[in-house]
Amino acid sequence: MSEKLVKEIPPKSEDISKWYISVIRKADLVDYAPVKGMMVIKPAGYAIWENIQKILDKEFKKTGHTNAYFPLLIPESLLNKEAEHVEGFSPEVAWVTMGGSEELEERLAIRPTSESIICSMYSKWIMSWRDLPVLINQWVNVLRWEKVTRPFLRTTEFLWQEGHTAHRNKEEAMEETLRIINIYKNFIENVLAIPVIMGKKSDKERFAGAVETYTVEALMPDGKALQAGTSHYLGENFSKAFDIRYEDKDNILKYVHQTSWGVSTRLIGGLVLTHGDDNGLVIPPKVAPTQVIIIPISRGNWKESVLPVAEKVKETLENEDIRVKLDEREEYTPGWKFSEWEMRGVPLRIEIGPKDIEKNQVVLVSRVDREKRFISIEKLVDEVRKFLDDIQNSLFEKAKKFRDEHTKSTEDLEEFKKYMKEGRGFIKAPWCGDEKCELKIKEETTATIRTIGEEAKEGQKCIICGKPAKFVPFFAKSY
RNA sequence: CGGGGCGUAGCGCAGCCUGGUAGCGCACCUGCUUCGGGAGCAGGGAGUCGGAGGUUCAAAUCCUCUCGCCCCGACCA
């Protein structure tokens, strides 16, 4: 899209941060709250989150999960039970120390994540192999005292879902961990139209308290990677710390194997960054709160001629469960409305004017590239569906093309550094598996291991130490 | 948490260096004409200059502290 019609949005290519802030605020997704790092998710933004919830929740239910709610406050003693977990999270925990004017005997953590409180309950609930698996999810807010914040991408408080499951053995827990990360991958790619790389985290990048962390990583237009979702195999780490045991068929008491997994409102930030352009937001049809905006062309006696047709079109689409709005406001010109709804990211526009009425047609216009399709009113529903599908696909293809073009392979550190300086992106480079080399790469290039990638081939050498490589990770600078 | 930048009307900014009547564009309100890519004209409303101290006859402007936002690092979904 060449023409820039929306004023006050700085070009995405020039300063993506300014662009990002400007778009989310102009599209009315978010506002800053009075407390540092906290945001108000406004109706337009929350509607996207509701659609994310609706679609993901269905997937969780389909795979046997149920929702519950665990408390916001976690006693310090519980949080402290799993050593690695505390160490990982304690720097960013906010504490409640007063109740009214009384100082509390034990301070209470505002949940940064809920493993500890949920495990403390699981230890009461799980007795027998017949109680397993436990497959519980909750949609809640969590709080992490972050030093650097950005709306959606990293906020002090954020909304997410966290699944916490308990299983009889490693195999079942591992299967669950992978089932979930695949649900995330499919959702993020098919619904949010953001291509991701799926894989395992290195020991250093792993979730605090986990045995293995699986992640889906998306590449943003500035070449930085966004961790979009994670699924952890917790092994027996928490069950041992919280004494979650069950009596198995063989009469032996065993520790459960657990998983936990989550995606957050960060996904909205990823969506904005990935698809937006100089005219504002672009929301993929499958999550768009409004998929179609109808703009009647207000000329002459349009209220008698055009408006009734527009209303009929709206009704027809509504009956087909297409999320549609009609902008019949008189105080704005059609041109203004075009720009306004483009900025808000509505993927498909229908223009209906006097000329169209004569020809018994309507004009469909894509948000992505302003492609116009003139279609006869009889074919409305099919054509709208088809166009929405095309837009959904083209957004994914466009993002995938960018991702692929910004994924490079190298076995040379200098070339690695050069890639990081010019344009950035994912870089695949062989690594021996040693954390020291991982740290060295970060120091030299600012890139970290996003996923450890596939196993190295015979003869590939670590880019730092030159010893035989174990893996070929995806490196990138991260959000 | 370190380095840098910025807080002036809803949004974007000028004014600050060199203290002396708070300004511009967009948005908003009223009216008329407009309307197939952010319409034109005329009139109008709106700001304790982020906050608290201090210097001064006088502070948006100078000094100190503080809060917040943005960028770059370290840390993290």
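Naming: A, B, ... by sequence-line order, numbering from 1 per chain. All figures in this text were calculated on a predicted structure; none of them were measured in a lab.
When each of A:F89 and A:P354 is assigned the nucleotide of RNA chain B bearing its nearest heavy atom, the one mapping closer to the 5' terminus is A:P354. In terms of position along RNA chain B, the nucleotide closest to A:M38 lies nearer the 5' end than the nucleotide closest to the other residue of the pair A:M38 and A:T230.
Using the six-membered ring where Trp is involved, A:H257 and A:Y233 have ring planes that are parallel, under 30° apart on the 30 and 60° scheme. Note on ring orientation: taking the six-membered ring where Trp is involved, the planes of A:W160 and A:F158 are perpendicular (angle over 60°, cut-offs 30° and 60°). Below 30°, between 30° and 60°, or above 60°: for A:F207 and A:H232 the angle between ring planes is below 30°, a parallel geometry.
Contact annotation for A:V263: no contact, since no heavy-atom pair falls under 4.0 Å across all strands. A:P112 comes within 4.0 angstrom of nothing in the nucleic acid, heavy atoms only. Across all strands shown, A:Q227 has heavy atoms under 4.0 Å from sugar-phosphate atoms exclusively, and none from any base. When heavy atoms are screened at a 4.0 angstrom cut-off, A:S17 is found touching the sugar-phosphate backbone but no base atom. As judged by a 4.0 angstrom heavy-atom cut-off over every strand, A:K442 is placed among residues touching the sugar-phosphate backbone only. Residue A:D15 is classed as having no contact, given no heavy-atom separation below 4.0 Å to the nucleic acid. Note on A:R329: nothing from the nucleic acid sits closer than 4.0 angstrom, heavy atoms only. At a threshold of 4.0 angstrom between heavy atoms, the contacts of A:K372 with the nucleic acid are absent. Using a 4.0 Å heavy-atom criterion, one finds that A:K18 contacts no nucleic acid atom at all. Residue contacts shown for A:T155 include a base, since a base heavy atom lies under 4.0 Å away. Backbone-only engagement by A:Y32 is indicated by non-hydrogen atom pairs under 4.0 Å involving sugar-phosphate atoms exclusively. A:E146 comes within 4.0 angstrom of a nucleotide base, judged by non-hydrogen atoms across all strands.
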Practice task
Please lay out, stage by stage, how A:N237 and A:Q258 fare under the test side chain to side chain donor-acceptor pair (under 3.5 Å).
Solution key: CA-CA 8 Å; A:N237 288 353; A:Q258 290 176 274; over 6 Å; no

Exercise for the section: Would you please test A:D277 and A:K398 for salt bridge (charged side-chain N to carboxylate O under 4.0 Å, His left out) and show each step? Expected result: CA-CA 12 Å; A:D277 62 24; A:K398 206 167 129 193; 5.6 Å; no

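Pair assignment for B:rG7 gives B:rC67, based on Watson-Crick or G-U wobble hydrogen-bonding distances that are each under 3.5 Å.
An OP1 or OP2 oxygen of B:rC69 is reached within less than 4.0 angstrom by a side-chain nitrogen or oxygen of A:K36.
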Pick out the pairs of N or O atoms, protein on one side and nucleotides 1-6 of chain B on the other, that lie under 3.5 Å.
none

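Comparing atom distances between the A:R150 side chain and each of B:rG36, B:rC71, B:rA77 picks out B:rC71 as nearest. The nucleotide whose nearest atom lies closest to any side-chain atom of A:T333 is, among B:rA74, B:rC69, B:rC35, B:rC35.
Using a 3.5 Å distance cut-off with no hydrogens or angles, the side chains of A:T177 and A:E212 do not pair a donor with an acceptor.
Classification of A:K147 and A:E92 as a salt-bridged pair fails, no side-chain N sitting under 4.0 Å from a carboxylate O.
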